[in-house]
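All values below were derived from every heavy atom in this structure, side-chain atoms included, with hydrogens, water molecules and symmetry-related copies excluded. The structure displayed is predicted, hence computed values, not measured ones.
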Amino acid sequence: MTVSARLSVVVPLHGGEEHAEECLESLRDQTLDDMEVILVGRPRGLRPPDNRFTLLTLGDGGDDPGTARNAGAAFATGRYLAFADPGSVVPADAYRALVGALDHTGSDLACGRIRTWTPYAPDKAPVPAQKARLRTHITRHQKLLDDPRAGGTVFRREFWTRHGFAFPAGLGEDFPVTIPAHVLSTSADVLGDVVCLTRGSRPPADPLRRLEAMLQVSDLLGRHAPQLRTAYDQRLAEGPDLDAVLEAVRDRVPDRLAEVLGRLGRLDPGAVERLPVLRRLQIHLAAHGMTGELAELRMFAASEIRHRGVLRRGLRPRRWYLDYPFRRDPRLPRSLFDATRDLRLVACVDDVRHADDRLALTGHAYIAHLDSGRSRIELWLQRGEERITLPVRRTRRPDVTADSRQSVACHDDSGFETVIALDTLPAGRWALHARVRARGVTRAGRAIGAPGERVFDAGNLRVSLTRDRGLTLGPRAAGGPHPDPGGHVSTVRWTESGELVLEGTGRCPAGRIVLERGAERHSWPARQDEETWTAAVGRTSEGLPLRSGTWRVLAPSPAGGDARVRLSPALIADPPRPRVTGFHEISVRTSRDGDLSLAVRPALGPHERGPYATRRRRAAAPRRTILRDAAVFDSYGGGQYSCNPRAVSEELARRHPDVEIVWVTRDGQFTVPPGVRLVLYGSREHEEALRTSRFVVANRRTQPGWYRKPRGQTVVQTWHGTPLKRLGLDLEGMPYAQRVPRDELARQVATWDLLLSPSPFATSALRGAFGYEGEILESGYPRNDVLFDPARARAARRRLGLPDDRRIILYAPTWRDDDTTGRLALDPVRAAGALGDDDVLLVRAHYLVARDMAIPNGDRIRDVSRFPDMADLLAAADVLVTDYSSAMFDFACTGRPMVFFTHDLERYRDEVRGFYFDFEAEAPGPVLGGADDVLDVLRYGDLGQSAARYERFARRYCPWDDGHASARVVARMRP
């Protein structure tokens, strides 16, 4: 006779899971007796650890986790039922504890804490247990709504079967089961121990399907647990899934989407009332089928919302309303525009310093949308109901206005300073609170902290300043907050040349100090003396400053891996002030554990950055200016010294050395020839150059919002490629394409005096896409002049360290509007390994995604994503592999072969961007959908088979490229 197992654990598998073996090992090592594990799906290559594991192979639907879980639940024989993700690890005693609780209490389900597994927090690391709650319910323990994953839950099988629970197919989410199970249960046991270690998030589900499932859960809460529905519906309404669904709404919507939008009208009214005006408007318009108005509101939110403020209306009482679209539309209730929820408190502690038994605090506080000029600020420390009032000294903080991302309200007077006397502070845990009164409105609450976290000791107090909890003061913990690991940074100083010098005591953790941001890494040597070590962080190996962002400071270990570099406790309590060096402002930040980071941003002052500064500059702009013989150049919004502007700049400098050449840089990430002046995008120098220069040359629509073209100035728009993909006004109907608002596009185009064109085809396409009716110069593309200069090709090869006898294959895909991760369809490592020994693969990721990608370098593969100019790479390349990039039109003038890897052709053409011509019919080379096909053609194919089509393509799309386009443009600018 077969005896049923006590617990059945279902693990969905479809093959290829990276950590599945580790998951199965953790299930094998469970201390619970009488347990079965059912592996469901297509567990290719996995061997069950012992006879408690059963393989249940599925055909159709085997790759779907929901279908696999449901099949496993139907197959299970246990009295209890659990589900484990193949990427998770279950601690050895977890299931014994969960099942033991259910045996003891008779509850319908039991769950415990789920913790994220990382290399820095493995399952061996101790985690303090929390207090268990037995025979509780989700209505009494509402935190169960926060993490509704099934991985840490055991269900009573009879309860599961009685309610017919099932995971939705194709969704890959747990909440449609776990939340209803908690709601419908008689009681649940919540353990305080960690019962599941997970390696992070699953692949994102379709937002519309998730939203549908969330609305179903909302309806269930309305029937069975209305006290939970307000909080749940508020999270639904504020969540990213509703954002994504609303973003996809156009004038005409499919029936399924219309049905889901209509159900938004059933959201809990209390939840909707707590939302900001914009989201209330979106929900109302969507629920009432006003899709045209919803699209107009979306464009408003993308461009104009920061320039709209509040209005005071009514007699008794007078109320504040936001001046948003449709405010006077009689179809919409006035209450939708009530700004009560938008007038929120913004209170932040920016810094805290310890000296002489005192804490000196600086910060700012204001009410959103209301000027701070005549506001009142009160500060106090609070412990329970006890308060200690703090003195307040008001300070000027124009930087707060600059960083508020709006142009209507002035918060220059929102700053404060205060002092806390530690010798008179009663023992206990205290938190800083603030109250602001402005224009008849009062808001109070806990102050938050600036980015980064600082924890240090001041006498017998532990001072903690964190982003979420703000400033808290409590008893000093035994042992201090930061045990000295040795090798920490004890001194931070700046040299006159702008280098950041780190000095530490003891042994240096490594021979080099590394700064890392995403996939980008730079390193500098560390010098070890007898008792100290020193490292000077300056320009990178490319001779450039660090780009903007937050950089982790690391010390590579000889055994592998990186250790975080930490600040000494004294430096955490008194860190260096931000420093401006070159085009950047650099701030020192720490984590709760003292880990050191550097925050880098462009060195724009408070009157140079932000929408409010733009409005100020517009108002102060002089009506008349005298133009000087100068030209301002801007390539990709100040991102590069490259493309058509570079070619025109160099030709102008050769022919007219009397003209001052000014280049705009957004982040200091390129160098320029001697004699060229660099200005920071958005700075006063940039403003002065744009206002007084006779010429402006750019290759994108990137002029600042405050730019007003002076009389007599000539703006040359070079653009940056022949358009295969739809642009501008022609993107209507392409749901994934990123569009510029029509009024912003019209504003930019109105400033152009001359638009360059590489062909008659491009002339027609660009006119229509931009609605441009001005002069077009059919000159050919200046950037392609280098393709006719053998010396530039040889120079590029020398810079890459490649001899003339190696075949260079350049892989340069474009980016996808619907996928900003920039994942490469052609695996560079695999491709380089499959090519010939004399081949070298250059990989050029698109500039919009390159900084977040890690591409290995070696003898046969090079990451050239940060190579200064794409034109030099095209000059050096023997073969171009691309997809829909405009590089194909440039490269066509060389006559060298091209291969097109178009794995997503139908989707990209029909849904993402759309094309101006039949690409498959005209492409000047093989159009291939598989990576193996691409490699076969590169290794064995005859790349000259498309000669006739190639010739027609070049004749049509680059007829004027002859090496002299730059000269024709400069002749038109300075006849």
Side-chain angles (χ1 to χ4, degrees), residues 64-67 69-70 73-74 81-83 102 107-111 114 133 135-190 202 205-242 244-245 256-275 279 283 286-287:
D64 176 59
T67 300
R69 284 177 163 186
N70 296 335
L81 184 61
F83 302 90
L102 292 175
S107 294
D108 292 320
L109 69 160
C111 60
I114 297 177
R133 294 171 176 262
R135 296 190 183 94
T136 187
H137 193 263
I138 194 171
T139 54
R140 301 191 298 275
H141 187 53
Q142 297 190 13
K143 287 186 177 180
L144 291 171
L145 280 173
D146 295 338
D147 192 0
R149 287 178 284 185
T153 305
V154 170
F155 302 87
R156 191 176 293 277
R157 176 63 182 274
E158 181 276 330
F159 168 69
W160 180 276
T161 304
R162 173 160 38 97
H163 288 284
F165 294 122
F167 292 95
L171 185 59
E173 297 283 355
D174 298 343
F175 71 86
V177 167
T178 52
I179 293 179
H182 274 291
V183 169
L184 298 175
S185 68
T186 303
S187 66
D189 301 327
V190 182
R202 299 168 181 167
D206 174 58
L208 182 59
R209 298 197 66 173
R210 269 185 56 92
L211 184 60
E212 283 183 294
M214 293 175 74
L215 290 168
Q216 290 173 359
V217 171
S218 172
D219 290 341
L220 179 137
L221 293 176
R223 296 191 302 270
H224 297 281
Q227 63 270 51
L228 300 177
R229 191 180 187 190
T230 299
Y232 183 84
D233 281 5
Q234 185 173 352
R235 294 179 192 178
L236 181 160
E238 293 173 338
D241 298 296
L242 182 56
V245 170
R256 177 183 167 215
L257 176 57
E259 192 273 333
V260 173
L261 295 177
R263 289 170 60 189
L264 294 174
R266 303 209 302 262
L267 290 175
D268 180 77
V272 177
E273 288 176 3
R274 299 179 183 181
L275 300 173
R279 183 46 57 94
I283 290 174

Residue pair Val177 / Phe83, side-chain heavy-atom distance below 4.5 Å: no
Cys111 vs Thr178 side-chain heavy atoms within contact, under 4.5 Å: no
Can you check whether Asp174's main-chain N or O pairs, donor with acceptor, with Arg149's side chain at less than 3.5 Å? no
From Leu236, Leu275, Leu242, residue fulfilling side-chain contact (heavy atoms from CB on, under 4.5 Å) relative to Leu267: Leu236
Is Asp241 salt-bridged to Arg210, cutoff N-O under 4.0 Å? yes
Between CD1 on residue Ile138 and CG on residue Leu221, distance to nearest 0.5 Å: 7.5 Å
Do Glu173 and Pro168 come within less than 4.5 Å of each other through their side chains, counting heavy atoms only? no
Shortest non-hydrogen pair, His224 vs Pro226, comes out as C-CD, 3.7 Å
For the residue pair Lys143 and Val190, establish whether any side-chain heavy-atom pair is separated by less than 4.5 Å. no
So which heavy atom on Ser218 is nearest to which on Arg229, and how close? OG-NE, 3.0 Å
At what distance, to the nearest 0.5 angstrom, does CZ of Arg133 lie from NE2 of His141? 5.0 Å
Would you compute the distance between atom CD1 of Ile179 and atom CG of Leu228 and round it to the nearest 0.5 angstrom? 9.0 Å
Output yes when Arg266 and Asp233 qualify as a salt bridge under the 4.0 Å nitrogen-oxygen rule, no when they do not. no
Non-hydrogen atoms of Val183 and His137 that approach each other most closely: O-NE2, 3.2 Å
Would you compute the distance between atom CD of Gln142 and atom CD of Gln227 and round it to the nearest 0.5 angstrom? 7.0 Å
Give the ring-plane orientation class for Phe167 versus Trp160, where under 30° counts as parallel, over 60° as perpendicular and anything between as tilted. tilted
In Å and rounded to the nearest 0.5 Å, what is the CZ to CG distance from Arg256 to Leu261? 11.0 Å
Looking only at heavy atoms, the pair that brings Ala213 and Leu171 closest together is CB-CD2, 3.8 Å
The residue among Asp108, Thr161, Leu109, Leu102 that forms side-chain contact (heavy atoms from CB on, under 4.5 Å) with Phe155 is Leu109
What is the minimum heavy-atom distance between Phe159 and Ala181, and which atoms define it? CZ-O, 3.3 Å
If we only count heavy atoms from C-beta on, is the Asp268 to Glu273 side-chain gap below 4.5 Å? no
If you take all heavy atoms of Asp189 and Ser107, which pair is closest and at what distance? OD1-OG, 2.9 Å
